[in-house]
Each structure stands twice: as C-alpha cells, then as structure tokens.
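This report concerns only the one structure given below.
Since we're looking at a predicted model, the values are computed, not measured. Below, all heavy atoms of this structure are taken into account, side chains as well, without hydrogens, waters or symmetry copies.
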Amino acid sequence: MPAPRAGTTAHRLANVSSVPAVELASLVKRYRHAVAVDGLTLSAAPGEVTSILGPNGAGKTTTIEICEGYRQADGGTVRVLGLDPARDGRALRPRVGVMLQSGGVPPAVPAREYLRLLSRFHTHPLDPDGLLVQVGLTEAARTPYKRLSGGQQQRLALAAAVIGRPELVFLDEPTAGMDPQARHATWDLISELRSSGVTVILTTHFMEEAERLSDQVAIIDHGRLVAGGTPAELCGSAGQLRFRAEVGLDTDGLLSALPDGSAAKESPAGHYVIEVPDGISPQLLASVTAWCAEHGVLPTSLRIESRTLEDVFLELTGTELRP
C-alpha cells in the first residue's frame with residue numbers, strides 16, 4: 001500500500017488516533033415488529049482490523065449500514081471517526097471507503113477506466129494502475145466489468161474501496177468467490193492497509209480469514225454482542241487431543257483418568273476428541289496413552305489441535321442452519 005501523501009491521510013490519522021475509529025453504544029434498529037440490532041455496544045480502535053462476525057440475520061449488515069450512513073438508528077449512539085454518520089455524512093465520505101458486495105459498477109466499463117474515474121473524485125488518490133497490480137487485475141484491465149469473473153469483480157470492488165486513501169474502510173465479505181491465490185493476495189493488501197494506519201472493519205463468514213487478519217473480533221447474534229476480544233483471547237488456551245480407535249470406547253472411564261473439567265466424546269464413530277481447560281500438557285498426553293495401554297486400545301492418528309475461532313463461533317451461535 002503506497003504511503004499517504006504528506007498532509008493528507010497521515011495528518012488526519014493523527015487527529016483521530018485518540019478516539020475509537022468506530023464506537024457504538026446501545027445501538028437499536030427495528031424493522032416493523034423485528035429487532036435487527038438490540039442494544040449493541042462495541043468499538044474499533046484506529047489502525048486495527050476489527051471483524052464483526054455473526055450468523056445470517058444476526059444484525060451485521062444493518063449495523064454496518066448504520067455506520068456507513070445508509071440507515072438511521074432507532075436508538076443509541078454511533079460515532080465514526082468521532083462523527084455521527086447520520087448528520088455528518090458529507091464530512092465522512094472523503095475519509096471512509098466502502099466495499100460493495102455486488103453491483104454499483106456500469107456493466108460495460110473496463111476495470112482500469114472504472115478506477116481512473118473513481119480516482120478523479122478524490123484529492124490524493126492511489127495510482128489506478130498500481131492498484132490494479134496489487135489486486136491482480138493487470139491482465140483484466142481492459143475487460144468490461146460484466147465479463148470479469150466473480151472473484152475479479154470482488155477484487156475490483158476492493159480496489160474501488162481503497163483508491164481514495166481512506167482512514168477507515170468497510171469490507172463486506174472481501175474474498176467471496178475468490179480462488180486461493182486471490183484470497184491470499186487480498187489478505188496481504190488488508191495487512192498493508194493496517195500497516196499504513198488504515199482502520200479496517202471486516203465482515204466475513206470465513207473464520208480462518210477473521211482469525212488470520214483481526215486484531216479484535218466482535219461476535220454478534222440476534223442483534224447483541226455475545227463475545228469480543230482478540231482471536232487468542234476468544235480461543236483461549238484450551239486445546240484438543242484427537243485420535244482414532246475402535247468404536248465405542250468407554251469415554252466416561254477415560255474421563256476418570258483426566259483432570260477435572262475435561263471433556264471426552266466420540267464424534268463421529270471411532271474418532272475421539274479430548275478437551276481440557278488448561279491446554280494439552282505432556283502429563284495429559286501420558287495419562288491418555290496410559291489409559292489406552294491399560295485397556296488394550298491402540299490410538300492412531302494421534303494429534304494435538306488448537307481451538308479455532310470457528311469452534312468458538314459455533315459454540316456461541318449454535319450449529320443450526322439460518323435462513
């Protein structure tokens with residue numbers, strides 16, 4: 001990400017660094033009889049990547065649209081770069097980038113021409129050709145938008161969101177439809193944005209993406225905050241010991257040989273998972289293998305895994321499908 005020009009983004013970042021880039025307090029939004037956002041309170045620090053995660057219908061999109069100034073809250077307060085997006089939209093728009101998930105681009109406009117057009121709306125834009133290189137669209141620079149693949153359209157939308165050197169950028173599912181190479185290139189660009197002092201608000205259903213990129217994570221469900229913190233804080237120190245063995249082991253008997261608070265389950269058949277509150281230790285591993293030896297069990301594919309953000313997400317929001 002090219003460095004900001006003197007007196008522009010870098011100067012403005014210094015002015016807002018003492019306050020949260022985004023701050024929501026008791027935010028409420030209703031649609032007729034449905035409550036989409038129900039007293040949501042969270043904040044995002046300047047120069048960090050904050051991911052807002054939740055299942056379908058959790059209130060993520062509504063929350064982001066209120067922050068962007070597209071919807072008005074029914075209660076609570078919203079501050080974006082210290083300003084109210086409902087009242088101060090004109091002052092905020094030059095300072096905020098928004099990635100549209102789909103649409104918004106004339107179908108016949110080539111990628112390069114679209115970015116060049118957008119660059120004319122900003123005082124100190126990034127170089128369109130350099131940005132095409134960063135998002136891997138150089139070879140598609142002359143391709144009309146309608147002929148770009150879904151992943152290429154996503155990369156063009158990302159480039160459009162950052163071309164004005166925003167202080168804050170909202171990225172909605174930025175890697176949807178991308179192949180692995182494009183996804184990793186996008187992750188690199190987001191990391192460069194953070195390194196240059198840009199605040200990133202990320203929404204994604206790809207938990208690995210959130211875990212890899214985020215400084216802070218907010219998990220919301222039914223319009224409320226259910227958990228927040230760094231990925232490490234949310235995942236905790238608890239690890240998992242996994243192995244395969246014959247079907248139907250006595251997991252209750254195995255638990256009796258483990259520390260209090262441990263859990264052992266068979267899921268699916270013949271696959272065993274052991275979790276302990278203080279993490280997997282050499283002593284714990286020795287206890288499991290000793291129990292197996294005592295009961296004539298030969299564990300195979302024995303491995304230790306960390307608890308992931310996806311594990312935490314499913315524990316907090318459930319495993320049932322959402323419409």
Side-chain angles (χ1 to χ4, degrees), residues 51-60 173 175-176 178-180 183-184 187 202-214 216-323:
S51 290
I52 300 178
L53 310 179
N56 292 334
K60 303 187 303 297
E173 300 286 344
T175 61
M178 290 186 184
D179 59 32
R183 181 181 301 118
H184 280 264
W187 290 350
L202 174 69
T203 60
T204 180
H205 285 102
F206 189 19
M207 295 298 113
E208 180 187 350
E209 181 167 270
E211 189 165 357
R212 180 188 182 108
L213 296 175
S214 303
Q216 295 287 326
V217 172
I219 300 177
I220 66 175
D221 198 10
H222 301 293
R224 302 186 186 97
L225 181 70
V226 295
T230 67
E233 288 170 343
L234 290 172
C235 293
S237 61
Q240 295 180 337
L241 177 65
R242 293 176 177 265
F243 64 90
R244 295 183 184 180
E246 62 191 63
V247 175
L249 291 185
D250 179 13
T251 54
D252 289 337
L254 175 56
L255 274 176
S256 66
L258 304 180
D260 291 341
S262 300
K265 63 180 179 180
E266 180 181 8
S267 179
H271 293 69
Y272 296 89
V273 181
I274 295 171
E275 294 181 345
V276 292
D278 297 324
I280 304 300
S281 65
Q283 293 76 17
L284 184 282
L285 182 61
S287 296
V288 171
T289 54
W291 184 91
C292 288
E294 182 181 346
H295 292 80
V297 175
L298 179 63
T300 62
S301 302
L302 188 69
R303 63 190 188 276
I304 298 172
E305 295 182 354
S306 299
R307 195 162 171 249
T308 67
L309 189 57
E310 183 165 332
D311 295 327
V312 176
F313 181 86
L314 291 173
E315 288 171 12
L316 293 171
T317 64
T319 58
E320 73 277 6
L321 294 175
R322 305 286 182 94

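Looking at V288 and F243, their side chains come closer than 4.5 Å, going by heavy atoms from C-beta outward. Counting only heavy atoms from C-beta outward, the side chains of Y272 and R244 never approach each other to under 4.5 Å. Side-chain contact between L284 and P259 is present, with heavy atoms from C-beta onward closer than 4.5 Å. Two residues are said to be in side-chain contact when any heavy atoms from C-beta on lie closer than 4.5 Å; L249 and L254 fail this criterion. Contact check for V273 versus L241: no side-chain heavy atoms found under the 4.5 Å cut-off. Side-chain contact between E173 and F206 is absent, with no heavy-atom pair separated by less than 4.5 Å. At a threshold of 4.5 Å between non-hydrogen side-chain atoms, the residues R307 and E315 count as touching.
Pairs of residues two or more places apart, or lying in two chains, that qualify as side-chain hydrogen bond (donor to acceptor under 3.5 Å, both in side chains) and include a residue from residues 216-226 are D38-R224, D221-R322.
The backbone N or O of P55 lies less than 3.5 Å from a partner atom in the side chain of K60, making a donor-acceptor pair. No side-chain donor-acceptor contact under 3.5 Å links R242 to the backbone of R303. Side-chain atoms of Q240 do not come within 3.5 Å of backbone N or O of E305 as any donor-acceptor pair. The closest donor-acceptor contact from the side chain of S214 to the backbone of E211 lies at 3.5 Å or more, if one exists at all. Of the possible donor and acceptor atoms, none in the side chain of T175 sits under 3.5 Å from a partner among the backbone N and O of M178.
By the 6.0 Å contact criterion, CG on N56 is enclosed, its count of non-hydrogen atoms from other residues, nucleotides or ligands being greater than 12.
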Intermediate values then yes/no, side chain to side chain contact (heavy atoms under 4.5 Å, CB included), L298 and C292: CA-CA 7 Å; L298 179 63; C292 288; over 6 Å; no
With side chain to side chain contact (heavy atoms under 4.5 Å, CB included) as the test, would you mind laying out the steps for I274 and L258 before giving the verdict? CA-CA 9 Å; I274 295 171; L258 304 180; 3.7 Å; yes
Show, in sequence, the C-alpha distance, side-chain angles and deciding distance for L309 and L53, and conclude whether the side chain to side chain contact (heavy atoms under 4.5 Å, CB included) test is met. CA-CA 10 Å; L309 189 57; L53 310 179; 3.9 Å; yes
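Residues C235 and V312 approach most closely at CA-CG2, 3.9 Å, considering heavy atoms. Closest non-hydrogen pair, L225 versus A218, comes out as CD1-CB, 3.8 Å. Taking each heavy atom of W291 and A257 in turn, the nearest pair found is CD1-CB, 4.1 Å. Closest of all the heavy-atom pairs between P231 and V217 is CG-CG2, 4.1 Å. Shortest non-hydrogen contact noted between L213 and W187 is CD1-CD1, 3.6 Å. The nearest pair of heavy atoms linking V297 to P299 is O-CD, 3.3 Å.
Here the NZ atom belonging to K265 is positioned 6.0 Å from the CD atom belonging to E275, to the nearest 0.5 angstrom. Here T317 contributes atom OG1 and I219 contributes atom CD1; the two are 7.5 Å apart, rounded to the nearest 0.5 Å. Annotation: the span from M207 atom CE to S51 atom OG amounts to 8.5 Å, rounded to 0.5 Å.
With hydrogens and angles left out, the side-chain atoms of E266 and H271 include no donor and acceptor closer than 3.5 Å.
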